Protein chains: 2
Amino acid sequence: MIRLLIADDHPVVRAGLRAVLESEPDFAIVAEAATAERAVELAAEPGVDVVLMDLQFGPGSAMNGAQATAAITARPGAPRVLVVTTYDSDADTLPALEAGATGYLLKDAPPEELAQAVRAAAAGRSALAPSVADRLLERMRTPSAALSARETEVLGLVADGLTNQQVSQRLHLSQATVKSHLVHVYTKLGVDSRTAAVREARRRGLIR
Amino acid sequence: MIRLLIADDHPVVRAGLRAVLESEPDFAIVAEAATAERAVELAAEPGVDVVLMDLQFGPGSAMNGAQATAAITARPGAPRVLVVTTYDSDADTLPALEAGATGYLLKDAPPEELAQAVRAAAAGRSALAPSVADRLLERMRTPSAALSARETEVLGLVADGLTNQQVSQRLHLSQATVKSHLVHVYTKLGVDSRTAAVREARRRGLIR
DNA sequence: GCGCCGGTCAACCTTTTGATTGATGCTGCT
DNA sequence: AGCAGCATCAATCAAAAGGTTGACCGGCGC
């Protein structure tokens with residue numbers, strides 16, 4: 001019997017996962033959490049084998065699913081965490097996997113796939129949705145040239161429509177520095193304008 | 001007894017809505033549809049009072065929820081359509097409401113709110129999520145100054161990172177025309193740079 | 001200690017973009 | 001017929017952004 005904890009802020013999704021998974025004879029939903037904090041608490045209790053973790057917990061939440069995943073898997077004897085989320089982007093996927101998630105599924109997965117993934121997670125095997133696996137492999141191939149923290153910060157403000165001047169004021173920098181960061185961002189992303197950089201970074205899930 | 005049709009491409013969401021709504025004694029789920037086309041077919045059958053309609057039906061779908069809503073409500077004696085979707089943006093909301101949706105809810109609504117909305121829809125009353133209602137009122141106050149088709153087209157390419165030169169080539173225009181369109185876009189959106197325009201248009205759901 | 005990298009800044013120059021003004025043709029509405 | 005709105009283009013000027021080169025400092029690893 002695989003004992004499950006469902007962590008999602010949407011009542012409808014919780015009910016849906018419960019309905020889909022309860023029909024499996026070897027599954028038992030032992031708890032539900034509507035917040036990330038509550039999920040961490042409940043996952044610390046003994047008697048949970050797999051946590052189904054959403055990544056988005058609404059705007060009024062201090063902790064996100066990736067942070068909760070990290071908090072859960074940090075403990076010895078922790079349950080496996082299977083991320084089940086609506087949309088996938090690099091910005092979400094990689095932190096979650098780095099935080100110790102055993103698998104990553106999308107909510108539009110068919111019920112059988114969901115059940116298989118839960119069994120795999122319970123056995124300690126990984127379960128990745130094909131789209132996620134694809135992007136992980138792509139990431140392997142291209143050394144990725146991730147943006148530095150400062151570069152990401154500057155690009156984020158640019159994506160909000162700020163000019164170099166405004167960015168420099170906001171971050172207490174000179175315009176030269178802002179331009180310097182942006183030039184690096186452009187070369188790393190393989191583009192040559194701020195608008196293209198914003199688009200490319202968004203596509204790769206580096207911002208927003 | 002209110003007879004319901006659930007139209008959503010996610011099995012988990014269908015199960016969740018079914019679980020939440022079946023617990024109401026005056027509701028009966030009489031059908032489910034995993035595609036927009038199937039929803040239109042089933043809604044044409046007699047014996048459906050309210051259709052719970054998702055707007056997104058996956059990339060491999062020819063018809064979206066708004067189009068399905070229009071097809072359903074076009075018929076005399078058609079059931080009410082209550083849009084229940086994950087995220088809200090102006091780009092989705094208004095077409096759906098113009099297509100004849102009776103209400104617009106987000107999936108993170110609590111079960112009671114969902115049930116109330118279904119009863120309101122069945123009675124022909126409107127049910128809007130607060131965030132949606134807010135934006136409708138805001139839209140009333142600001143005469144909105146919608147972008148023209150051409151302006152939207154140009155802005156869309158700008159959002160893809162193209163320069164004015166590239167846009168002019170793509171659309172077989174002169175750069176002067178592209179700049180002219182963009183100036184109009186900027187004044188309509190109240191911004192003064194392409195990046196800010198992209199951000200603002202995205203925020204308002206005018207593009208992407 | 002030395003090299004590397006990230007972050008900071010400067011000066012210079014080219015290209016792009018934004019702002020303004022003005023003009024033309026077409027369509028739809030009254 | 002007249003008007004408004006949209007789309008098209010031109011010319012011009014100022015501002016912003018992009019590209020290049022070079023420089024300094026601090027932390028980190030070997």
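In this text the structure is predicted, and so the values were computed from the model without any measurement. All values below come from the heavy atoms of this structure, side chains included, with hydrogens, waters and symmetry mates left out. Lettering of chains follows the sequences in order, A, B, ..., and the numbering in each one begins at 1.
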Which nucleotides of nucleotides 16-21 of chain C have their base under 4.0 Å from a protein heavy atom (B), which only their sugar-phosphate (S), and which neither (-), written as one string 5' to 3'?
-BBBB-
Hey, does A:Thr177 reach any base, or is it just sugar-phosphate, or nothing, if we go heavy atoms under 4.0 Å?
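Base: the residue A:Thr177, judged by heavy atoms under 4.0 Å, touches a nucleobase.
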Are any of A:His181's side-chain N or O atoms less than 4.0 Å away from OP1 or OP2 of C:dT8?
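Yes, such a contact exists.
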Please check the phosphate of D:dC9 (OP1 and OP2 only) for any side-chain N or O of B:Ser180 closer than 4.0 Å.
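For D:dC9, neither OP1 nor OP2 has a side-chain N or O of B:Ser180 closer than 4.0 Å.
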Could you state the atom-to-atom distance from [atom1] of [X] to [atom2] of [N] in whole Å?
{"X": "A:Leu173", "N": "C:dC9", "atom1": "CG", "atom2": "C1'", "result": "10 Å"}
{"X": "A:His184", "N": "D:dG18", "atom1": "NE2", "atom2": "P", "result": "14 Å"}
{"X": "A:His172", "N": "C:dC9", "atom1": "NE2", "atom2": "P", "result": "11 Å"}
{"X": "A:Leu171", "N": "C:dT8", "atom1": "CG", "atom2": "C1'", "result": "13 Å"}
{"X": "A:Glu151", "N": "C:dT8", "atom1": "CD", "atom2": "P", "result": "10 Å"}
{"X": "B:Glu153", "N": "D:dA7", "atom1": "CD", "atom2": "C1'", "result": "12 Å"}
{"X": "B:Gln166", "N": "C:dT15", "atom1": "CD", "atom2": "P", "result": "16 Å"}

Just by distance, with hydrogens left out, do A:Thr177 and A:Ser180 show a side-chain donor and acceptor under 3.5 Å apart?
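Per modelled atom types, A:Thr177 and A:Ser180 side chains form no pair under 3.5 Å.
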Minimal non-hydrogen separation, [X] against [Y], with atom names:
{"X": "A:Val13", "Y": "A:Lys107", "answer": "CG1-CE, 3.7 Å"}
{"X": "B:Phe57", "Y": "B:Thr35", "answer": "CE2-C, 3.6 Å"}
{"X": "B:Val185", "Y": "B:Ala197", "answer": "CG1-CB, 4.3 Å"}

For the residue pair A:Leu52 and A:Leu21, establish whether any side-chain heavy-atom pair is separated by less than 4.5 Å.
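Yes, their side chains come closer than 4.5 Å.
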Counting only side-chain heavy atoms from C-beta out, which of D:dA10, C:dT8, C:dA10 sits nearest to A:Ala176?
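For the A:Ala176 side chain, the nearest candidate turns out to be C:dA10.
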Does this structure show an ion pair linking A:Asp160 with B:Arg199, if we count only N-O contacts that are shorter than 4.0 Å?
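A salt bridge links A:Asp160 with B:Arg199.
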May I ask you to check whether over 12 heavy atoms, not counting those of A:Arg75, lie within 6.0 Å of atom CZ?
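Enclosed.
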